[in-house]
Every structure is written in C-alpha cells, then in structure tokens.
Amino acid sequence: MTEIAKIDNGTDIVDDLIVCIVNNRDYLSEIDGAIGDGDHGINMAKGFNICKHRIDGKNLSLAEAFETLSDSLMEGIGGSMGPLYGSIFAGWAEAVQGKKTLNSNEFKEMLLKGLSELQEISSAKQGDKCLVDTLIPAIESFKKANESGKTFHEALIIMKQAAHDGRESTRNLVAKIGRASRLGERSKGVLDAGATSCCLLLTQLIDSILKRII
Amino acid sequence: MTEIAKIDNGTDIVDDLIVCIVNNRDYLSEIDGAIGDGDHGINMAKGFNICKHRIDGKNLSLAEAFETLSDSLMEGIGGSMGPLYGSIFAGWAEAVQGKKTLNSNEFKEMLLKGLSELQEISSAKQGDKCLVDTLIPAIESFKKANESGKTFHEALIIMKQAAHDGRESTRNLVAKIGRASRLGERSKGVLDAGATSCCLLLTQLIDSILKRII
Amino acid sequence: MIMNRIINDPDLVVEDAIEGYVAAHPDFYAKTDNARVLKYSGSVKKGKVGIITGGGSGHEPAFLGYVGKNMLDAVAIGEIFSSPTAGAFLEAMKVADTGAGVACLYGNYAGDNMNVKMAIKKATAAGVKVKTVVANDDIASASASEKEKRRGVAGEILMWKIAGAAAAEGYDLDNVIAAAQKAIDNCRSIGVGLSSCTIPAVGKPNFHIEKGTMELGIGHHGEPGIKVVPIETAKEMAKTMLDPIMEEGIFEAGSEVVVLVSGLGATPVMELYIYYAEVERLLRANKVKIYKCYVGNYFTSLEMMGVTLSVMKLDAELKKLVNLPACSLGLVQE
Amino acid sequence: MIMNRIINDPDLVVEDAIEGYVAAHPDFYAKTDNARVLKYSGSVKKGKVGIITGGGSGHEPAFLGYVGKNMLDAVAIGEIFSSPTAGAFLEAMKVADTGAGVACLYGNYAGDNMNVKMAIKKATAAGVKVKTVVANDDIASASASEKEKRRGVAGEILMWKIAGAAAAEGYDLDNVIAAAQKAIDNCRSIGVGLSSCTIPAVGKPNFHIEKGTMELGIGHHGEPGIKVVPIETAKEMAKTMLDPIMEEGIFEAGSEVVVLVSGLGATPVMELYIYYAEVERLLRANKVKIYKCYVGNYFTSLEMMGVTLSVMKLDAELKKLVNLPACSLGLVQE
Ligand SMILES: Nc1ncnc2c1ncn2[C@@H]1O[C@H](COP(=O)(O)OP(=O)(O)O)[C@@H](O)[C@H]1O
Ligand SMILES: Nc1ncnc2c1ncn2[C@@H]1O[C@H](COP(=O)(O)OP(=O)(O)O)[C@@H](O)[C@H]1O
Ligand SMILES: [Mg+2]
Ligand SMILES: [Mg+2]
Ligand SMILES: [Mg+2]
Ligand SMILES: [Mg+2]
C-alpha cells in the first residue's frame, strides 16, 4: 500500500535537473541581473554542464549521480553556489546511499539531510531573500504532509506548491545577504535568483519522483 | 606726414592682449573642442595669465612686455603653443627693441620677424588649418598695402580684414597638422582654434596701434 | 553582447589569463595539478612555513601577483569576483607545505570562508597542517562591534607581506599566524567607488554609480558602501576616508604606520598620487608618521574607478618584517 | 563640469601629482629649481652620462616613474598630453650632467621637438653637452618610408632601460647615444584603442571610439590610427597588431626579442595577460624567441582602454644591457 519510487536510474534523474538549469541559464541570469550581478544562470549552468560531461553515458545510482553533481559544483565553480548547492546534493547523495527505491519517509530524510548539510556552512535564514526561502518551506510542507498521513504522491504535490510559494515570497523581501543586499529597500519587488533556481530544481525533482512512483 | 604710433606703454598694449585671450578662454576651448581636444583657451589663458602676474604694475617698454609674454608662454605652458606663440612674440620683441614709436615700415618688420622666428621651429604651411592661416595672409596684406603706398592706418585696417578672412578660410580646410588632423575630412566645416586665437590677437594689436597713431 | 575588451571567450577569461601569466613569468609561476592553482617557481627552503591565499579573479595584481620571494608560495584562483573552489584551496595548501605547515591568509567573504573550511578538512585528513587568518580590514563593511563581519580588502597585501617576511625569517606556523593576525588587526581600510565595472561573462555593468556621485565604503566587488555622496575633491575625499579610520582609535599621535593607496583599476595613477599627497598631509597634521608607503594599482576591481586607503600601525616586529626585501610582480622591494 | 575623478583643481593636477610623488618616494625623487623637473635622489657616479627624458603628463608611470637606479637621472614634466617647456628640459639637462654630457631621449612629437631644440641651444651655451635620440617606434603613425615622422610610444621605455644600463656600465655619451639609437631602431610598436579618456581641465572625452569598434594604430594622446574596425578577440587583435610589426622586416626566424605589452590605463591587467598569451603563441609560430617580456601598465593614456605592443630585437650588447638590474617605480628588475 505504501507508495515507493524506483530511483535506480540516477543518471536520468540528475540529467533532468541539468537540462532544467541549462535551459533556464539566461532566465536565471536575467533575474540575478535585476538586483544581483547577473551571473546566476552562468554560474549554475557552468557547474551543471560539468556534471553533464561526467555522467554522460554512465549508468549511475541516484547516490552516485547526486555525488557527481555535488562534486561538479564544488570543484567546478567554487564561489558560493558551489559549496551551497554542493552541500545540499552531497546530503541527498548520502541519504540515498545504496537505495534503489525511495518511500515518502526516505525522501523526507533525504531533504532534511540536504538542509542540514547546507546549514553546516550557511547561516542564511528564511526571509533573507535567498535560496532557503524556497528550500525551507518546501521541505517543511513535505514533512508536515508526510507526518499528517498524506501519501507520497500527495505530499510531493503539496511540496511543489510550497516551493512555488516560497520562490514567490522572495518578491516582497528585502535582501539581507548576497549582492542584492547592497540595494536595501530597492531589492524589493523582484524575485531572488537563488530562490528561483531552487524552485526549478525542486519542481523538476518532484516531477521525476512522481513519474517513478509505482 | 608719415604716421607713427606711440608705443612707449608696452604694459598696456600687452595687457590688452591678455584681456582679449582671457575673455575668450571658453570660446577658444569650445572651438578646439569641435575637432581638437578642447583645451586651446585653457592653454592660452594659462600662459597669458602668467604674463599678467609678471607685468602687473610695471612700466615696461613694448619690447620688454612682448619678451615677458614670450617667456610666459615658453616657460609657463610648454606644449606647442608655448614655442609657437612664444617665438612670434620673441620676434616682435626683438624687432621693437629700444623703440618708443613705430612707423608702418617698422611694424611690417616686426610682423616679419615674428613670422620668421615662428618658421624657425614650425614647418606649418598656409592651408594646413592652423594659426598660420590667419598669420600669413594678415602679414602679407599689410606688407602689400605698405609697399603700395597705403598709410599706416589704412594698412592696419586692411590687415584686420585679412586676419578675419584668414581665420574664416580655415572653416573649409581639412586639417593637416595638430590633433584635428585625426578627423581627416571630418575636420571641415568648423574654425581652427589657433587661427581664431591668432585673429583675436592680431585684431587687438591692430586696435591698440590704431589708437596710438599720432 | 559587444564589449570593448581584450578577451577571447568571455567564459574563459580566467583560464586564458593564467596561460599568459605562466608564459610571461616562468621565474615566478609553476603550474600544479589543479589548473586554478599556481605555485612559486623559485626555490623555497625546506621547513619554511607555506604562505597561501586565494580569491576571485579581476583584482590583479591580487591575488596571484603576490606570489614570489618572501611573499606567497601558492595561490588559489577563482572565477571573476568569485571564490576559488575548495579543491583549489586544498591543492594550494598541499603544494605550499614543506613540512612546517601552511598559513592560509584570505579575505572574509562567504564563498571563501566556505571553500577554505572544506579544504582544511581534507588537508588535515591528508596530513597538511593549516592555520588561517581571515582579513577584515574594511571598516565600511560592518561596525567595530561586528568586526568579525568585516570584509578583507587591500590590507590583505600588507598581511601577506608581513607573513611572507615572517616565514622567510624562519618563524614557525603559530608565529607566522600571530604576525599575520597582528598585521591585519593593526590595519584599517576604506574605499571609494567612482564608477562600476563589467564582468566579461555578464557583459553589463555590475552595479551603477550616478555621475557626480561617489560611493563611500564600496567593496571590492561593488558591495554596498556606507553612503552615496556628491563627488568630492581629493582633499575632501582623503578626509572623508581617513576620519573613520582614525575614529577606530588605534592610530595615535606618535604612531608609525604603513600607508597603502590602491587604485581600483581605471583611476589614472597620477590621481592616486594627488590623493596620497592629501593623506600624507592629514596624517602629518595628526602627528602620525608614515614609515613606508605604497601607491599604485595594488588591488583592483577590473576597470572600476576609485581608490582604497589602508593604514597599518607598526611596532618593532612589523617594522622589521615590512622592511624585508620581497620580489613578486605586484610588489618588489629591495 | 562634474567628473568622477580624484583631483583638486583640474588646472593643477600635474602640480598636485608631483607633490604626491615627491612625498611618497623621497628615495627616488629630489626637487630641482624648476617645479616641473625631478631628479633621481639616489647617488649617481660622477662621470656617468646623464640620462633624461621629458613628456606630457597622463602617461604614468611614464615618464617620471622611470627615474631611478640605472634608469633616468632626471625628467621634465609637461601638462597633461602636452610637452614640457624648454626651460624644464634645460633644467633636466643641467641637473643630470655630471660632466660627461647628457643623453636626452624623448618621443617624436611637435611640441617636444621644439622645446628640446630650444633647450639644447641654452644648455650648449651653458656648457652642458647634450645629444638626443628621438623615439619613433610607432609604426602606425607613418609609413616605413617616412620613418622620421613616426611618433615615439612605449618603446621609449626600452630605450631608457638600455641607455640607463649603458650609462651605468660606463659608456661615454656617444656610445650611450648609439645604444639608445640601436634600441629604438630595433623596436617597433603599435597600439589599439578601445575607449577614450578625459583630460581633467577639459572635462569631456578627448575623442570618441564607437562601442563595438576599436581604433588600430591609435596614438598615446588619441592621435588618429590606421583604421577603425569592429572589435576583435584577443587572438585576432594580437595578429592584427603583430602582422604589421613583422612586415617591417626586422624580425626574422631565430631573432631574440623583448616584448613589452602595456595597457593604456583602464584595461584590466588580466586582459593584458590574455593578450600576451596570444602574442607569445604567434611569435613562437614565427620562430621568434621572447628573451624577456614586460606586461603591465607601463605607458598609459589616462583612463583609455586599450593596449600597445612593442617588440625590440636583441643583439649581444642589447641583451647584456636589458638584463642589467634597474630600480624605478615603473620598472624594477633584479
Ligand atoms: N550565504 C548564502 N546562503 C544561501 N544562499 C545565498 C547566500 N548568498 C547568496 N545566496 C544566493 O545566491 C544567489 C546568487 O547566486 P549567484 O549569482 O550564482 O552568485 P553571486 O552572488 O556570487 O554572483 C542569490 O540569489 C541568493 O539566493
Ligand atoms: N605645428 C604647428 N604649427 C602651427 N600651429 C599649430 C601646430 N600644431 C597645432 N597648431 C595650432 O594649435 C592649435 C591647437 O592648440 P592647443 O589646443 O592649445 O594645443 P593642443 O593641440 O596640444 O591641445 C590648432 O588649432 C592649430 O591652430
Ligand atoms: Mg550573481
Ligand atoms: Mg557573481
Ligand atoms: Mg587643444
Ligand atoms: Mg591639448
């Protein structure tokens, strides 16, 4: 009766994440351009493309694929995005180590491990106008749905909406960290680039998992 | 019957030249700005102001005053204007050495001496779109008027017109020397800055002499 | 995206520039296993503490230009205005270690902090002892009560100079770290920005400074300053910048200091000297003695216009160390 | 007239900058009787030929930045982009003379030619023997058949380096002149401009370069180049600039050369290295060996963007001289 997702094809799952970031390269840079320095899409696409080269043609487990993505970011781009997203994906990789399937609880653990790895190196809080404004509410909503007895499927749908709402919430925030913070009040009114890339990634991940629930 | 000009008050004569250049500082820079680097008035006013400080309150002969003007330019501003105008005024100073009056012939000699000093250091020719496009026709017209029996007064009036025409002639010239030459054909259609300052100076000098003819 | 720049692929400016540095100066640079790490190619005494740093590109001659004799032993090189990877920091740590440990002396930026932290974990696991000093000389980036939040700017160069000299003098790791820490603790900096700059891969200016205004306290990547004010004369600017430095309370009448005036890239060198003359006058009026000065483009931000002022207070030890000869592209001293 | 500059009175930028230079570097500069002349403050051997130059300001570190040990003994300083006065050249001649005569090594510009000529007359009258070399390394400024019309650009630095070394080696005046003449005869330069610059006293750009275009062969003050072409990559630029230099016919396969790549002011240093890497590749393909290179902001034009390339062919004598240590703000060599 418990839903589980078949995640044995890690290469495909991560490849979909790569396509999603690379396709949104210019869009993400444009958003970053409004209140940042306009390179978020460039940075992300660079790292994700490095991963693309590394996984292409290989038949990786999800743990291996996440780890490759993490390394590609950490070793390929540096900056802040390397360690930040690199930590999230490293946490995910660790959580799904040895797994060929995921149930709702395991997926929750994966999300939480990614978050705790991120929080090891970043003290960014919700409301700072950054990627955690997407990440934290998305994870929390999944956790709540999961713990209140919603199915894996239902919880993923709820999480997708929360990621979307989280991204939208950044529109009215004043940036507290990152380059956008130089604008103070003027940083209000537009989306945050990291929150947007995070929403894109979570949404794609959710779709990939939904597709694989058997 | 021969007209002569009383030139014992050299300080006044040169002071009038200074006032004329300083008053036209911005005008000359503006003209230079169209096809040059926009500093001709600045350069000239700087040199003439140095002279102002040096002659103020002194009772100089015309030779002394011209020499001070020449030194002020040569020692005060350097560049090209220093040696060029400096040479002209040095020539004038030499020609009027010891003189308290000038007749038409002596004035002609003075002009010619200034020109020959200039030509010692500059090979600029009429038609190059520079200050000699004013200077040479002005001197030649005075010489011709003088040699064809015109009075000092008449010759000065003729010279004034020639200086004016010479300056105007630069409008249709393509610059061959100086910064404006970088524009080639595009240097056409506007006055040359040096030709304009030269016209201002000659016109003022002529007025000063006319006033002093007794 | 047309830019009036001298580049090939805008995404590869760092790689291409490194090629040029290595081709031009084999007497300074040797490649390593990591394409983003260069090490000093001269001879280094075994047992000398390794001095390294790392940071984003676009600040040349910082960071790589300070690799050399009695200066840095290795450098990790990031993308433009972006931290090097943890792997690059790790490689720099490894190649700089001669057995006496490594002093990693870098600036207080989120990315650098994260990447250095990760690198140290791995270096330690690999048996390389690493200690750090995190430069925080930029007084405009946080108040004195939040000193740990302040960014590192041009004062880093003085920190490297001191640490490089200390290592050359045979100090052990703890004492090199102590000297570097003292250098940066004794140093205060502030910058003023007069125009923005364009990261080639981005193709449009990083931020904007209105004509006729200047941004006091701007960071090396265009981070927000304290305020935007109408442009001042060099004399006024010197006062506007020196006043908050003096208010930090570490420079007293009788202090001897090093002054470092650095252009941000596009400000003509003659203006840096016009500015220096004013700083010198003001310090003299405050009875602070300039023991040594550096004026030039020491730590730039691509083609930004502007200037940074750093003042470091000396004691007997720092005096001795700052005077030691050094030879790197960015700083040569006989 | 609002400018984002670091100046006081726009009419006094040269005076103010000189104050800063002298205040910052008493180890290099001593004042003279002429406010626009600085002389080397270090010790100079009696009987050494004096080496001087002079030129407009705004090219820093040229000209005054090359005063130093085994380099220039004195320098005459003009207004921005404008020749020094004859009096300044004369004073430089006088203070640099230790009895062995003075080599006045300057660039081929109308104003400089006139002022030097007048200065020499007076120096000769005062018993100072002066000989000149007029640099004309800029191949873009006239055809090879009108070589005497060519302007002097960054190759002047190599001429000063060679002459400074020759004088230090005890050459007499004629031999110093011969070495300097050989240096400049063996040198070819060309520049490319990517943006204009603003003289403070004028307050608006000196000329204009359309975005997306570059001016090949531009002069150091914005003098007209050979042509305006769409902007090229660093690789293409290197070829566009090196080709006409090679066509001069003095560099053959097997030649050993010095390469000097100088930024015009606002071009980031990393771009100069991207460019250098391309030049190095092309010369290698031409089997021309780079014996020594200099890359940096050696001869600027205020905040112009762009680069100049100078190549000087070496023989045994020039090799020895170019290798001699030198110490000046603009060029330090151990
Ligand atoms: N300390 C941080 N923790 C979490 N996210 C951050 C932090 N700093 C910046 N960000 C995120 O990074 C995004 C910008 O990323 P990017 O443009 O790639 O880097 P940079 O700001 O260095 O150019 C911001 O939109 C913000 O969401
Ligand atoms: N060689 C020369 N001989 C005579 N006049 C010249 C020469 N070169 C330039 N000029 C004159 O100089 C004027 C420009 O003077 P100015 O603006 O003061 O100097 P610069 O061109 O150095 O900025 C030109 O308009 C031209 O008339
Ligand atoms: Mg960004
Ligand atoms: Mg960025
Ligand atoms: Mg002019
Ligand atoms: Mg001019």
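The sequence lines fix the lettering, A, B, ..., with proteins before strands; numbering per chain opens at 1. Model, not experiment: these values are computed from the prediction.
Between the side chain of C:N115 and the backbone N or O of A:P83, no donor-acceptor pair lies under 3.5 Å.
Of the two parts of A:I121, the backbone and the side chain both hold a non-hydrogen atom closer than 4.5 Å to a non-hydrogen atom of chain C. Of the two parts of A:L73, neither the backbone nor the side chain holds a non-hydrogen atom closer than 4.5 Å to a non-hydrogen atom of chain C. Contact of C:D112 with chain A is not made at all, since no heavy-atom distance falls under 4.5 Å.
Around the NZ atom of C:K147, the shell of radius 6.0 Å holds more than 12 heavy atoms that belong to other residues, nucleotides or ligands. The environment of C:K94 atom NZ is sparse: at most 12 non-hydrogen atoms of other residues, nucleotides or ligands sit within 6.0 angstrom. Few gaps surround CG on A:D56; more than 12 heavy atoms of other groups in view lie less than 6.0 Å from it. Other residues, nucleotides and ligands place no more than 12 heavy atoms under 6.0 Å from the CD atom of A:E30. Other residues, nucleotides and ligands contribute over 12 non-hydrogen atoms within 6.0 Å of the NZ atom of A:K99.
In this structure, C:I199 and A:D37 have side chains that are in contact, with non-hydrogen atoms separated by less than 4.5 Å. Side chains of A:D39 and C:E79 form no contact here, defined as non-hydrogen atoms less than 4.5 Å apart. With a 4.5 Å cut-off on side-chain heavy atoms, A:I42 and C:D11 count as touching.
Atom OG of A:S80 and atom CE of C:M114 lie 4.0 Å apart (nearest 0.5 Å). Taken from CG in C:N34 to CD in A:E75, the straight-line distance is 8.0 Å, to the nearest 0.5 Å. The OG atom of C:S83 sits 11.5 Å away from the CE atom of A:M81 when rounded to the nearest 0.5 Å.
Using a cutoff of 4.0 Å between basic side-chain nitrogens and carboxylate oxygens, A:D32 and C:K204 are not scored as salt-bridged.
Chain C forms the most heavy-atom pairs under 4.5 Å with one residue out of A:S29, A:G79, A:G86, and that residue is A:G79. By number of non-hydrogen pairs under 4.5 angstrom with chain C, the leading residue of A:G38, A:G41, A:G78 is A:G78.
Summarising the geometry of A:E120 relative to C:K117, their closest heavy-atom pair is O-NZ, 3.3 Å, with the distance given to 0.1 Å.
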